[in-house]
Amino acid sequence: MSDVPAPPGAARAGAGSLKEGGTVAPVREILWGSAAGAHKYETAEELAPDMAKLVVKLMVVQADTEFASIQQHRPWLDRAPTLEDRWIESRIIADESRHGLQACRILRDFGETGQRYIDELLAKREGQHKLDAFNMPFNTWADVGAFTCFVDRVGVYQLRAFQECSYGPLARAMPLMLSEEQLHLNFGQSVLRRMVQDGPKYAGSKAEAQSAVNKWYPRALDMFGHSNSETSRRAIEYGLKRWTNEEARARYISEVTGLMASVGLDLPAPEFDRHVL
Ligand SMILES: [Fe+2]
Ligand SMILES: [Fe+2]
């Protein structure tokens, strides 16, 4: 992720001073969008109705992906090939359930509407989720590797887009979620690498890893949303997101291109098997 620039104002936030033992002053002002320079919004009541609706919509999608991935990972808790892999599976499930809780806490601040969405989210079963990537079961261990490598990585881009955003409660949820997601990505990449290098001695084969890449990469690219999305334009204007869908997708493609070359797997063309363009 080193090619992703730091959020605007990161230098002011004093990222470096932590290493030197100093304290970090939180960024209190809105850093981009039409209200740049004003104080961040700290409560749901302060948000204009359209912005409030957008925060709710973004949190519902976020929470839905977290809860869905728990359902996808669950069968592998006691089927992962090694003891370490099983432990990491259990950690991923714990992390995703904490992320779902965090998104729901933000929803709770929106009163009855928020609570209604939480109830709906908790009732959703496999196959009923918003995004295709979260309605597909993990049939093989390679699916687990490719999902965490590709789909969780999109999740990281989405979370980074919220970093230091204009809604304080959301901005403050990001650092811990991002650090936990990093484990998921590294794990996914290491599963694919081990399948390529060690084949059946570890689990599956290079061919299985390649077919999982072909299966999950298009669904991961779809997750960024439509290129000319009105929602993403409004999210930037409100200071909630830093990038348009297309900007984030382009950065992602360039990151995973280098990554797959280093693992020894081919990446399909970005247009391959896409549903959302
Ligand atoms: Fe997560
Ligand atoms: Fe994750």
Side-chain angles (χ1 to χ4, degrees), residues 1 4 55-77 80 84-108 117-118 121-122 124 126 128-138 141-163 165 167 169-193 212-213 215-217 219-225 240-242 248-249 251-252 255-256 259:
M1 295 285 301
V4 178
V55 171
V56 167
K57 181 177 173 175
L58 292 168
M59 286 308 96
V60 168
V61 176
Q62 184 68 37
D64 187 47
T65 65
E66 309 289 0
F67 294 138
S69 66
I70 296 169
Q71 295 168 344
Q72 289 164 297
H73 276 287
R74 194 162 41 200
W76 291 93
L77 259 179
E84 286 77 8
D85 289 333
R86 288 184 193 195
W87 170 68
I88 293 178
E89 276 295 284
S90 70
R91 245 196 93 171
I92 289 175
I93 289 174
D95 291 345
E96 305 302 13
S97 77
R98 204 192 63 74
H99 301 167
L101 176 65
Q102 232 174 344
C104 287
R105 280 191 177 140
I106 292 173
L107 285 174
R108 262 186 206 151
Y117 278 117
I118 295 172
L121 283 161
L122 294 181
K124 280 199 185 179
E126 286 98 329
Q128 300 177 330
H129 301 288
K130 278 204 186 332
L131 304 173
D132 288 350
F134 297 88
N135 286 324
M136 295 153 63
F138 297 167
W141 183 241
D143 280 340
V144 180
F147 179 93
T148 41
C149 183
F150 288 98
V151 174
D152 283 65
R153 192 175 308 272
V154 178
V156 163
Y157 275 73
Q158 313 285 37
L159 298 178
R160 291 194 70 154
F162 290 140
Q163 256 187 321
C165 71
Y167 189 47
L170 179 56
R172 282 191 292 279
M174 289 308 111
L176 184 55
M177 279 169 96
L178 276 164
S179 72
E180 286 165 345
E181 286 301 344
Q182 202 57 48
L183 170 97
H184 310 175
L185 308 190
N186 295 342
F187 172 65
Q189 191 182 337
S190 118
V191 165
L192 294 176
R193 175 171 283 127
V213 169
K215 170 177 167 181
W216 293 99
Y217 179 57
R219 298 293 67 76
L221 292 182
D222 281 349
M223 282 170 67
F224 286 98
L240 288 168
K241 279 192 161 196
R242 283 195 276 157
R249 182 161 33 225
R251 287 199 172 129
Y252 174 91
E255 186 195 351
V256 293
L259 210 112

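Numbering of ligands and ligand atoms starts at 1, following listing order.
Contact check for Arg249 versus Leu221: side-chain heavy atoms found under the 4.5 Å cut-off.
Around the Fe ion (ligand 1), the protein atoms of type N, O or S found under 2.8 Å away are Glu66 OE1, Glu96 OE1, His99 ND1, Glu181 OE2, listed by chain and number.
Atom CZ of Phe162 sits about 16.0 Å away from atom OH of Tyr157, to the nearest 0.5 Å. The distance from the CD atom of Glu96 to the CG atom of Leu101 is 13.0 Å, given to the nearest 0.5 Å.
Under the 30°/60° scheme for interplanar angles, the aromatic rings of Trp216 and Phe147 are found to stand perpendicular.
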Take Glu255 and Arg153 through the salt bridge (Lys or Arg N to Asp or Glu O under 4.0 Å) test and state the conclusion after the steps.
CA-CA 10 Å; Glu255 186 195 351; Arg153 192 175 308 272; 2.9 Å; yes
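Between Asp222 and Arg219 a salt bridge is recorded (basic side-chain N to carboxylate O distance below 4.0 Å).
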